[in-house]
2 protein chains.
Amino acid sequence: MTTVFARHCASRTALEEIGSKWGILALLALGEGAYRFNALRRRVDGVSERMLSQTLQTLERDGLVTREVHSTIPPRVEYSLTGLGEKVADSLRGLADLLEGSVAEMSAARERYDARGD
Amino acid sequence: MTTVFARHCASRTALEEIGSKWGILALLALGEGAYRFNALRRRVDGVSERMLSQTLQTLERDGLVTREVHSTIPPRVEYSLTGLGEKVADSLRGLADLLEGSVAEMSAARERYDARGD
DNA sequence: CTGTATCCCCTTTGATACTG
DNA sequence: CAGTATCAAAGGGGATACAG
């Protein structure tokens, strides 16, 4: 684990794509199971169509997400995780759980910090 | 683990601050041990003084990072992780290791994707 | 050395409208 | 439903200069 720190290395690029604002949330949501586009959009509160589409394309390109098109009317597209995507999502869920469990601690830290600096 | 998806919840805010471009790398670096400002800046390739300073302030405010000032000449400031920071860094290291080990797989996926879409 | 302040660019993002 | 196209706005982020 030394290459992540290098500017243009593949793992750092991947880390930035996954860690991007919507990447984490999309992966966490898909960790719950497959989603259709608009269902996923509703699950990830606040994401625009454009950003979700863009995020999913990136994740698909990186081999973390599978896009399955059913050419029915109306069209139906399902997104799900690949094997690698599952592993990444598991890791992210660990982080998310940790943070959810530490909300109080972080909130206290923030108050202390703000009080100190005035 | 359902609150992360809500727009203004504390855990999602934290997730975004930590997951920000430089947040992940700073935490990974500090996971290796304490660093002084400029040493950290050298470790995290490409970060500007401004962004590193800003990132560290946020992480300190959230209670993930400790800032210790030694009023010597020249001044000496050491950054290290708090208990919570260690936990977060461990989680991130797991993710980083996973990604470093999957670079080939992701690269192959990308080539397949690009070839398909032309 | 360890930052903060200022200026400025330009990429990311969001709204809106439109297509298959 | 599932997106893409376009445009405008905001803010992330770099360079530089300066302060403690």
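Excluded from the calculations below are hydrogen atoms, water molecules and symmetry mates; all remaining heavy atoms, backbone and side chain alike, are included. Naming convention: chains lettered A, B, ... in sequence-line order (proteins, then strands); numbering from 1 in each chain. Quantities reported herein were computed from a predicted structural model and do not represent experimental measurements.
- Between A:Tyr35 atom OH and D:dC1 atom C1' the separation is 18 Å, expressed in whole Å.
- Counting only distance, with no hydrogens or angles, the side chain of B:Ser91 and the backbone of B:Lys87 share no donor-acceptor pair below 3.5 Å.
- Contacts with DNA chain C (heavy atom under 4.0 Å) in residues 13-26 of chain A: A:Lys21, A:Trp22, listed by number.
- Comparing B:Ala39 and A:Ser48 along DNA chain C, the residue whose closest nucleotide (by nearest heavy atom) sits nearer the 5' end is B:Ala39.
- Here the CZ atom belonging to B:Arg41 is positioned 11.5 Å from the CE atom belonging to B:Met51, to the nearest 0.5 angstrom.
- Judged by distance alone, the side chains of A:Glu68 and A:Ser80 never bring a donor and an acceptor atom under 3.5 Å apart.
- One can place CE of B:Met51 at 17 Å from P of C:dC9, the figure rounded to the nearest angstrom.
- Look at A:Tyr79 and you'll find a side-chain N or O under 4.0 angstrom from OP1 or OP2 of D:dG3.
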For nucleotides 4-11 of chain D, list the nitrogen or oxygen atoms of the protein found under 3.5 Å from its nitrogen or oxygen atoms, one pair per line.
residue	atom	partner	partner atom	Å
D:dT4	OP1	A:Gln57	NE2	3.1
D:dT4	OP2	A:Ser53	OG	2.4
D:dT4	OP2	A:Gln57	NE2	3.4
D:dT4	O4	A:Glu49	OE1	3.2
D:dT6	O4	A:Arg50	NE	3.3

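- No engagement by B:Arg41 is indicated, since no non-hydrogen atom pair under 4.0 Å with the nucleic acid exists.
- No more than 12 heavy atoms of other residues, nucleotides or ligands sit less than 6.0 Å from atom NE2 of A:His8.
- With salt bridges taken as basic N to acidic carboxylate O contacts below 4.0 Å, none links A:Glu17 and A:Arg61.
- Distance CG/A:Leu28 to CZ/A:Arg93: 7.5 Å, rounded to 0.5 Å.
- Of the side-chain N and O atoms in B:Arg36, one or more sit less than 4.0 angstrom from OP1 or OP2 of C:dT2.
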